[in-house]
Each structure stands twice: as C-alpha cells, then as structure tokens.
S.K.: 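Okay, handing you the structure first.
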Amino acid sequence: MEALSGSKKTNIGDIDSLAYNPVNGKLWVVDSQPSRYIRLWTIDLETGPGILRKNYPRKELMGYSGLIGISFGPDGQVFGLLHTGIKTPVKEYRLAKIDMNDFSFELLPAENLGRTDALLLSNISGDYGKGITENPKIELTVTNAGRRLISNLPIFVNQKEVGGEIDLDGDGINQQWEDKAMERINPYIELDEEEPWLDNKENDFIANFVRISPFTPIYNYQSYYADQLPKYIIFRYIVNWSEDYGRFGFTEHKGEHERIYMAWRVSDNYRLDLDWVFNSAHRDPDMHHGVWNPYYQICNKVDVAKIPEGYDYSMLMCEKLMFDGQDGRLTFCAAEGKHALYPNCTICEDVLLVSTTATGEDCCGGGWYLFDCYNVGEPDEW
Amino acid sequence: MKKMKIFLFFILLLLLIYSVNVFVPGETNFNLYTYNSAAGQLLRIDPHTGQAVVFHQFGQDTSFADLSCFSNSGSLIAIGHFAPENQLYRINLLRGEINLIGDTGLNFIEGVEYIPSTGQLFAGGRELPHHTNDSYLFIEIDPSDGSIIRQQKNQHWRH
C-alpha cells in the first residue's frame, strides 16, 4: 500500500457514495447530511480533494431528507435516489433525474419506486458501458506482471451446463473462456537470430496444440463446475514444429514437439493465479525438463550433453521466469535448430550439447513470436 | 381540389413525423440497480418511470452500501455495509449469484465506483466513530482481491 503524503484539508464532510461519468471521465462524490444538505463534488483521482459543484440546502430538497447516491447513464444522464426520514426505516424512496446544467431535480412518477414492501436500499448503479446484455463478452485482464488472470465472467459453468453447448469438451470450463484465455496467455517464444525456420517459413510450420483442463492434486473426483472448483487449471501448450533442423544438421528429423505447461491456481470462479510452470525439450542431446516458480528463482538439475553416448552430463539451471513488460506474457527461448525451450537466454547458452567440445545451444536475437493456438479439448489419450 | 390534395398530403406527412417522434419510444437497455438489504433483493429500476422490480431474490443476509457497474461484464461490484467489515463482492446479473472477491480490511467504506477505462476501483468513507473523526479517506482498491492499493486521508476543513 502506498504511503500517505500527509492529510489535505477539504470541505468534503464525508463520502456517502461515488459515481463515475463515462462521458467526461469525472468521478463524483455525494455527501448527504439528512435534513441539512446534499453536496455534490467532483474529486481528484490522484490526490483525493474535491471541488464543490452543488450545495442543496434543506429548502431545495423538495421535502426529501437526503440523497442515497447518484448514478450516470451511458450518455451522461444522471439519476439520484432520494429518501425521506433521517433514521431507518426510511419512509420513502424516489428516483429523480438530475439536470447537471442547473442541478434541478425531476421526480420520476413511481412513488417509493412503486413498492409497498420493506426497503433498505443501497446506492443505485447504472450500466454506463455498452449495456448489460443477455450475451456479455468475455474480457480477460492480466495483472501482477503476468501472474494473475482475471475474467469478467465466470470461468466454470453451472453443473447442468457441463458438457453442453457452452462447455463442448465437458471439463466444466466455459468453452469461450478457454479459447480466449488460451490466446491471452499464449507465451512468447524468442527465436535465435540464426534459427533456420526464419528462412523456411514458406515450407515449415509451427503451431501450439493446447489442452486446458481442471486439476486437483491427489483427488480422484473428476467433475468440476461453478460450485465445485478444482485447485488448478492446467494449460498445456505443445509447441509443434514441422521440422527439427538439428544442431549443425546433426539429429535433424521431421516433426517435433516441445512443452510449456502452466498451473494456474483457481482463486475463485473469476480469478486465476499462476503457481508453477513446466517446460521441456523432447529429445537428446538437449532433452531435459524444468519446473519453475513465477515469483522466485528455482534451480533444476537437468541432464544434457549425452553425446558421446554414455556420457551423462548434469547441470544446474537456476533462473527466474521472464514476463513481458508490456502485456505480461510468459516468455521462453527456443534454441537454434532443435528448439529446446529455456526460461531465458543465459541458461540456454550455458548448455553443452557435446561433452568433449564447446558446442552448445544458441538462443535469442531472432525476435519474439506468438504461434497460432488450437484448442484440442479433452482428448481420450493424452 | 389539387391544392387541397397537396395540403392534405403535407398534413398527413406532418402527422406521420409527429407520430414517429412521439409514439415510438427510443430503445435502450440501460437500467438502474439497487440492493434491498431488508429482503436480500437486487432491484432493477426503470430509468423512465422510477419503478423497481425484483431482479434477483438472494435470500441471504448481506447488506451493501454501494454498487457499481463492473466493466461490461453483466455484473456489479458491491461493497458490504459495515458489519463485520467492508467486504467486496461481485453480483452476477445473469446468473443471480453473489461471490466474495475479498476483504478490504476496513469498516467505514460507503461509496465504491469502478472506472472501466482504467480498470481502477475507488472507494471512500469517513473513519468510525464519526463523532470523533472529521477526516474522510479516498481509497483505491484492487478489484481482483479487495486489497488496498493506496489511500489518501483528507481532513474536513471547518469554517
């Protein structure tokens, strides 16, 4: 939390409610002292002091005691919720339209909001966005420098919706959410400047096959939905290359796949937090895998340099994960030719491929790429 | 007779324009919402008439001080009212669910508002007890977990 820079004097007595004007971006404060005054202020978002815009003395309140709050519509129209009585129970509520040019009230027809039951109301809120529709779009936000994924809509569907139209693979996760999240956290792959694919883009191809599935360790129950959340959602990105060019042409072969797995902890049905990341290289001489933490350095003991045969060279890889400073995406480096994945350039270039020579991996300098993603659903055999 | 026909044509044209302007209501999907803590109800208010209808009956013992539209998500963000503390909630309008986002750790917040263009959540209120505190606090809250990002204490300037 940011330290305070000392208190500032202002005339705002209290903040009873806040309202944002989407047209001019101003934040308004309602300070209502029942049967005494209602004051409307705009407030400085950075420092907190306000500018008084309107003071309604008691005689201008048209018999009402106070204002619960105000709310703006999408076009800047303003509504206020008036009340009579100082203490609960409130005698009457009434919606009014406020003209912000002269701050006059126009009472809307329904007395006590047209209700006869007991009311104890919060401030009002409108939808100043695009409208609360029957089919809101999923919006994802990445915060905590790439380590938190927030959804505006629920991630898991209701129990009765599992396997239905909005959950095609039957894993309990909203299908549209899976597709959006898969793209949003698709990691950058940094290539080496001498990566052969850069000169063979016409004939060779790269794509991510992605499985997104719920998972709770040491728990056999496999059915998840909004009321029964798993501990994790695992994103398995299989980075598929149509060509492994080998290192200096050695061990070249058609088709290969490298892996990046992410374990996102399900904090609630709208929020995931990245806990662990796994990466791997698929075949000798640089076959290895590592498990990484998104917040602190981890050391993985890996086996590399199995040439010549029988020589088993172990090394310690100690590193932190890299997240892009702009959009928070996880970043991995693919080694030249064979495409083994490493969390950063230094680790990659420390790896020896042939034990008796100085031949090692080469990484970075060839640009960052986001490869196309294809959601494979929940395959029977994986 | 010809002049009469032209006159009648214009009269009919005027009536048509008038009827379109007057009798066809403008389409809007904008509504207002308020929470009725006396009955655990989310009420939807028609901004043309001021008439409220029960939109969701939650039937739970929750009291909210303020609501705010939460992005274009079909949900509202709400701040709990005093007891025991100001907890932050999300109210899903389509599903009729209330989910706890997190606890602010405060107990005096009365106003809360989400700024969709920046993703910031602001809150404010006066520290308790009111009779010994004349300072209000303007607070920025992390909308993903309810934690306090920054706060500014502002002392009421008495005349």
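The sequence lines fix the lettering, A, B, ..., with proteins before strands; numbering per chain opens at 1. These numbers were taken from a predicted model, which means no experiment stands behind them.
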S.K.: What part of A:L45 is in contact with chain B, defined as an atom under 4.5 angstrom from a non-hydrogen atom: side chain, backbone, both or neither?
M.R.: both
S.K.: Among B:V112, B:I79, B:T118, who wins on heavy-atom pairs under 4.5 Å with chain A?
M.R.: B:V112
S.K.: For B:I139, is it the side chain, the backbone, both or neither that has a heavy atom under 4.5 Å from a heavy atom of chain A?
M.R.: neither
S.K.: Inspect the contact between A:R147 and A:D275 and indicate whether a charged nitrogen and a carboxylate oxygen are less than 4.0 angstrom apart.
M.R.: no
S.K.: Under a 3.5 Å threshold, yes or no: a donor from one side chain and an acceptor from the other, between A:R39 and A:N55?
M.R.: yes
S.K.: Tell me which of these, B:I101, B:D145, B:V53, has more heavy-atom pairs under 4.5 Å with chain A than the rest.
M.R.: B:D145
S.K.: Using non-hydrogen atoms and a 4.5 Å limit, figure out which bit of A:I68 sits close to chain B: side chain, backbone, both or neither.
M.R.: neither
S.K.: So what's closer than 4.5 Å to chain B heavy atoms on A:L108: side chain, backbone, both or neither?
M.R.: both
S.K.: Heavy-atom distance under 4.5 Å to chain B: side chain of A:T141, backbone, both or neither?
M.R.: neither
S.K.: Counting only non-hydrogen atoms closer than 4.5 Å, does B:D66 touch chain A with its backbone (N, CA, C, O), its side chain (CB onward), both, or neither?
M.R.: both
S.K.: B:A78, B:A123, B:S144: which one forms the most heavy-atom pairs within less than 4.5 Å of chain A?
M.R.: B:S144
S.K.: In terms of heavy-atom proximity below 4.5 Å to chain B, should A:D273 be classed as side chain, backbone, both, or neither?
M.R.: neither
S.K.: Does a sphere of radius 6.0 Å around CZ in A:R58 hold more than 12 heavy atoms from other residues, nucleotides or ligands, not counting ones at 6.0 Å or beyond?
M.R.: no
S.K.: Tell me if a side-chain donor or acceptor on A:N174 pairs with a main-chain N or O of A:F156 at a distance below 3.5 Å.
M.R.: no
S.K.: Of all of A:G69, A:G114, A:S122, which one pairs up most often with chain B through heavy atoms under 4.5 Å apart?
M.R.: A:S122
S.K.: Which bit of A:N158 comes within less than 4.5 Å of chain B, counting heavy atoms only: side chain, backbone, both or neither?
M.R.: both
S.K.: Can you check whether A:F72 and A:Y20 have ring centres sitting under 6.0 Å from each other?
M.R.: no
S.K.: Is the closest side-chain heavy-atom distance between A:L113 and A:L81 below 4.5 Å?
M.R.: yes
S.K.: Counting N and O atoms only, with roles assigned by atom type, does the side chain of A:S17 sit under 3.5 Å from a partner on the main chain of A:N123, one being a donor and the other an acceptor?
M.R.: no
S.K.: Select one option (side chain, backbone, both, neither) describing which atoms of A:I124 are under 4.5 Å from chain B's heavy atoms.
M.R.: both
S.K.: Do you know which of A:P154, A:S267, A:S151, A:A226 has the most heavy-atom pairs under 4.5 Å to chain B?
M.R.: A:P154
S.K.: What part of B:D142 lies closer than 4.5 angstrom to a heavy atom of chain A: side chain, backbone, both or neither?
M.R.: side chain
S.K.: Taking only residues two or more places apart in sequence, or in another chain, which ones meet B:H56 in a ring pair (Phe, Tyr, Trp, His ring centres under 6.0 Å)?
M.R.: B:F58
S.K.: Relative to chain B, which segment of A:D16 carries a heavy atom at a distance below 4.5 Å: side chain, backbone, both, or neither?
M.R.: both
S.K.: What part of B:Q120 lies closer than 4.5 angstrom to a heavy atom of chain A: side chain, backbone, both or neither?
M.R.: neither
S.K.: So, does A:R115 use its side chain to make a donor-acceptor pair with the main chain of B:A52 at under 3.5 Å?
M.R.: yes
S.K.: A:H83 side chain to A:G85 main-chain N or O, any donor-acceptor pair under 3.5 Å?
M.R.: yes
S.K.: Report which part of B:E140 has an atom under 4.5 Å of a heavy atom belonging to chain A: side chain, backbone, both, or neither.
M.R.: neither
S.K.: Going by the rule ring pair (Phe, Tyr, Trp, His ring centres under 6.0 Å), which residues pair with A:F323 if we only count those two or more places apart in sequence or in a different chain?
M.R.: none
S.K.: Using heavy-atom distances under 4.5 Å, tell me whether A:Y93 contacts chain B through its side chain, its backbone, both, or neither.
M.R.: neither
S.K.: Say whether A:T42 and A:R53, considering side chains only, have a donor N or O and an acceptor N or O under 3.5 Å apart.
M.R.: yes
S.K.: B:L100 versus chain A, heavy atoms under 4.5 Å apart: side chain, backbone, both or neither?
M.R.: backbone
S.K.: If I measure from the heavy atoms of chain B, does A:R94 come under 4.5 Å with its side chain, its backbone, both, or neither?
M.R.: neither
S.K.: Treating B:N36 as the side-chain partner and A:L121 as the backbone partner, does any N or O pair qualify as donor plus acceptor under 3.5 Å?
M.R.: no
